[in-house]
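Before any comments, here is the structure.
Atoms considered below: every heavy atom in the structure, side chains included; atoms not considered: hydrogens, waters and symmetry mates. Remember, it's 1-based here, ligands and their atoms both numbered in the order they're listed. Remember, it's a predicted structure, so these values are computed and weren't measured experimentally. Count residues from 1 along the sequence.
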Amino acid sequence: MVTAIVGTQWGDEGKGRVSYFETRNANVVVRCTGGNNAGHTVVSNGQKYALHLLPSSIINPSVMSVIGTGVVINPESLISEIRLLSERGVEITPKNLLISNRAHVILPIHVSKDKAEEVLKVKFGLSKVGTTGRGIGPAYEDVASRYGIHMYDLLGDFETLSKKIKFVAYMNNFILGLANMNHYPDKECEQIAREYLEYGEYLKAFISDTKPFFYDHLDKESSIVLEGAQAAFLDVEQGRPPFSTASHPTASGSCTGAGLGPLFVNEVIGVMKAYTSRVGEGPFPTEQKNEIGNKIMKLGHEYGTTTGRPRRCGWLDLVMIKDAVKINSCTCLALNHLDTIGKLSEIKVCIGYKYHGKVINYVPVDHENCEPIYKTFCGNWSADGITKFDHLPEKAKRYIDFIEEYTGVTVVYIGTGPDNEKTIVR
Ligand code: GDP
Ligand code: IMO
Ligand code: MG
């Protein structure tokens, strides 16, 4: 049984909490794409964890956590995440963590180039992306150019690794120069190679080929969860160019990033919030740059888990959700922050776009030209901490019924508070 968990908006829908909730029945949880641009929050037994590279299952040592081939790993960040969690008593050993030897490596050169690319875009009169500055885009650029570094390189010899890093620097230094940023000369590349071999030494017990592991679990019919990062509208092809991340954070991207074919996937859970948020630049038709947006931001504590940036907030956009259901072939939805949205007196939901003189119900590439058509719901309900659907106020039930009717899929999980325990399962 393979279940994929994906974001249906612009990220931060609560994928981490849904993934952690799924660990109740899972044997294996896999992070498939992205890197430490992600921030997945899990609140369980009064403890709050912010995870960036490790799957949410890491908190539950009886589940095997895997970092798949499609992930871009900053090994320094990964090691500090492992150390921080270990200091908090989370057990992390090769018995519950496996890192694909094919996963990609983020170098300091990529972090510098991420910043350089943003500077150069603005200098050229183009819009910046508003990246997390973690080197994600440049690392994936090198993957596609086939000179990127892989985790297995960190287990090799100094000569080979330093030659490969020097080549990465050679191919990227020109761009850094254009942005008046420091080059990476050979000496510094050698220093990076030494440092990265040390990271390899620290991580080597966790690194291996994930293929025999997965094939064995498929044979045993284990329960495998693919924990997606980012979201459908941050996908490098489905988002509004250039305001996306550099990977494919969709169900099909998760398959590629884990190394499993799409027909193994039985369920795709699309995670959504009862409203919409976005960090970084890019169009956001239902954004509320006003008191309502501020209120949602405060009520939902909408500050980035990774960067601490306040998230832009606005009404739920069901056109996006329906589109994401198709992009991902979602079989069901998980709806978070039902408690948060109920605190507003009047709630709006976007059910169509006015677009170049027509009405449409999909997300076009020029998303900024969409004017939302709203349906209004009554708020002022309290869903806080409710764990049974029947106990929800009628007004909240009507909101959920409409989401199901509009999208054509069932809402199977409902978040009524940040804690894992505050979940309704249907
Ligand atoms: P992810 O990146 O998709 O895993 O989501 P994040 O962890 O970045 O952001 C989700 C935020 O919403 C976190 O602060 C969660 O603790 C919080 N959250 C998730 N579900 C709920 C919910 O049902 N109610 C409330 N109040 N907070 C929630
Ligand atoms: P989770 O998994 C929200 C956004 C960045 C920026 C754009 C590109 O926590 O939902 P990048 O650094 O990836 O090149 O930035 O993508 N972004 C996210 N926004 N949640 C995330 O992850 C994100 N990962 C990337 O803010 O707009
Ligand atoms: Mg997040």
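Counting the atoms of ligand 2 from 1 in the order shown, those under 4.0 Å from a heavy atom of Ala38 are 1 (P), 2 (O), 9 (O), 22 (O). Close contacts of ligand 1 with Gly415, meaning ligand atoms under 4.0 Å from a residue heavy atom, involve 23 (O). Near Val279, with a cut-off below 4.0 Å to any heavy atom, the atoms of ligand 2 are 3 (C), 19 (N), 26 (O), 27 (O). Every atom of ligand 1 is numbered from 1 in the order shown, and the set under 4.0 Å from a heavy atom of His40 is 1 (P), 2 (O), 4 (O), 7 (O). Every atom of ligand 2 with a heavy atom of Gly280 under 4.0 Å away is listed here by number and element: 27 (O). Interface of Asp12 with ligand 2, defined as ligand atoms under 4.0 Å from a residue heavy atom, comprises 1 (P), 3 (C), 9 (O), 10 (O), 20 (N). Atoms of ligand 1 found under 4.0 Å from any heavy atom of Thr340, numbered from 1 in the order shown, are 26 (N). Ligand-side atoms of ligand 2 in range of Ala229: 2 (O), range being under 4.0 angstrom from any heavy atom. Set against the non-hydrogen atoms of Trp10, the atoms of ligand 2 under 4.0 Å away are 3 (C), 19 (N). Near Thr416, the atoms of ligand 1 lying under 4.0 angstrom from a non-hydrogen atom of the residue are 23 (O). Each of the atoms 5 (C), 6 (C), 26 (O), 27 (O) of ligand 2 lies under 4.0 Å from some heavy atom of Gly130. The Lys15 neighbourhood of ligand 2 comprises atoms 1 (P), 2 (O), 10 (O), with distances under 4.0 Å to a heavy atom of that residue.
Here's the thing with Glu13: one of its N/O atoms is less than 3.5 angstrom from an N/O atom of ligand 1. Residue Leu338 has no N or O atom closer than 3.5 Å to an N or O atom of ligand 1. Of the polar atoms of His40, at least one N or O is found under 3.5 Å from an N or O of ligand 2, judged by distance alone. Considering both main-chain and side-chain atoms, Ile136 never comes within under 3.5 Å of ligand 2 through any nitrogen or oxygen pair. Taking any N or O of Thr131, backbone or side chain, none lies under 3.5 Å from an N or O belonging to ligand 2. Polar contact with ligand 2: absent for Asp114 (N/O pair, distance under 3.5 Å). Residue-to-ligand polar distances place Lys15 within reach of ligand 1: an N/O pair is separated by less than 3.5 Å.
Using a 4.0 Å cut-off between charged side-chain N and carboxylate O, Arg311 and Glu302 make a salt bridge. Salt bridge Glu368/Arg240: present, at least one basic N to carboxylate O contact under 4.0 Å. At a threshold of 4.0 Å, the pair Glu281-Lys121 does not count as salt-bridged, since none of the basic side-chain nitrogens sits closer than that to a carboxylate oxygen. Salt-bridge formation is detected for the pair Lys397/Glu394: a Lys NZ or Arg NE/NH1/NH2 atom is positioned less than 4.0 Å from an Asp or Glu carboxylate oxygen.
Heavy atoms of Ala38 come nearer than 4.0 angstrom to ligand 1 in no pair at all. Residue contacts with ligand 2 include Gly39, since one or more of its heavy atoms lies under 4.0 Å from the ligand. Using a 4.0 Å heavy-atom cutoff, Arg311 is listed among the residues neighbouring ligand 1.
Residues that satisfy the salt bridge (charged side-chain N to carboxylate O under 4.0 Å, His left out) test with Lys322, not counting sequence neighbours, are absent from this structure.
Asn36 and Ser77 form a side-chain donor-acceptor contact under 3.5 Å, judged by distance and modelled atom types alone.
Under 4.0 Å from ligand 2, the heavy atoms of Ser244 that appear belong solely to its backbone. The residue Arg278 has no part lying near ligand 2, judged by heavy-atom distances below 4.0 Å. Contacts with ligand 2 closer than 4.0 Å are made by heavy atoms of both the backbone and the side chain of Asn37. Contact annotation for Gln230 and ligand 1: no heavy atom of the residue comes within less than 4.0 Å of the ligand. Contacts between Arg134 and ligand 2 below 4.0 angstrom, taking non-hydrogen atoms only, are absent altogether.
Under a cutoff of 6.0 Å and an axis angle of 45°, Arg312 and Phe284 do not form a cation-pi pair.
Asp12 O, 3.6 Å is the protein heavy atom nearest to atom 10 (C) of ligand 1. Nearest protein heavy-atom neighbour of atom 20 (N) of ligand 1: Arg17 NH1, 2.9 Å. Considering only non-hydrogen protein atoms, atom 15 (C) of ligand 1 sits nearest to Thr41 CB, 4.0 Å. Here the protein heavy atom with the shortest distance to atom 24 (N) of ligand 1 is Asp339 OD1, 2.9 Å. Atom 6 (P) of ligand 1 has Gly39 O, 3.5 Å as its closest protein atom, hydrogens excluded (heavy atom only). Here the heavy atom of the protein found nearest to atom 17 (C) of ligand 1 is His337 NE2, 3.5 Å. Looking only at protein heavy atoms, the nearest one to atom 4 (O) of ligand 1 is Gly16 N, 2.8 Å.
Side-chain contact between Thr132 and Val279 is absent, with no heavy-atom pair separated by less than 4.5 Å. Within the 4.5 Å cutoff, the side chain of Ile347 has heavy atoms near those of the Trp315 side chain. Cys330 has its side chain within reach of Val268: a pair of non-hydrogen atoms, C-beta onward, lies under 4.5 Å apart. Looking only at side-chain heavy atoms (C-beta outward), Ile321 and Ile403 stay at 4.5 Å or farther from each other.
Aromatic rings from Tyr196 and Tyr199 are positioned such that their centres are separated by under 6.0 Å.
Open room surrounds CG on Asn182; 12 or fewer heavy atoms of other groups in view lie less than 6.0 Å from it. In the displayed structure, Glu195 atom CD is contacted under 6.0 Å by more than 12 heavy atoms of other residues, nucleotides or ligands.
A donor-acceptor distance shorter than 3.5 angstrom exists from the side chain of Arg31 to the backbone of Thr33, with no hydrogens or angles considered. Using a distance-only test at 3.5 Å, with no hydrogens or angles considered, no donor-acceptor pair links the side chain of Asp323 to the main chain of Tyr362. No donor-acceptor pair under 3.5 Å is formed between the side chain of His217 and the backbone N or O of Ser222.
Using bins of under 30°, 30° to 60° and over 60° for the plane-to-plane angle, the ring pair His367/Trp10 lands in the tilted bin. Below 30°, between 30° and 60°, or above 60°: for His150 and His104 the angle between ring planes is between 30° and 60°, a tilted geometry.
Here the N, O or S atom of Asp12 that is nearest to the Mg ion (ligand 3) is OD1.
The Mg ion (ligand 3) does not have Ala229 among its coordinating residues (no N/O/S atom, backbone or side chain, under 2.8 Å).
When Arg311, Gln9, Gln230 are ranked by how near their heavy atoms come to atom 22 (O) of ligand 2, first place goes to Gln230. Closest heavy-atom approach to atom 4 (C) of ligand 2 among the candidates Val236, Val72, Leu51, Leu234: Leu234.
Of the inter-residue distances, the one linking Arg102 atom CZ with Ile207 atom CD1 reads 14.0 Å to the nearest 0.5 angstrom.
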Exercise for review: Mind running side chain to side chain donor-acceptor pair (under 3.5 Å) on Gln230 and Asn37 for me, showing each step along the way?
Suggested key: CA-CA 8 Å; Gln230 288 81 50; Asn37 48 349; 3.1 Å; yes
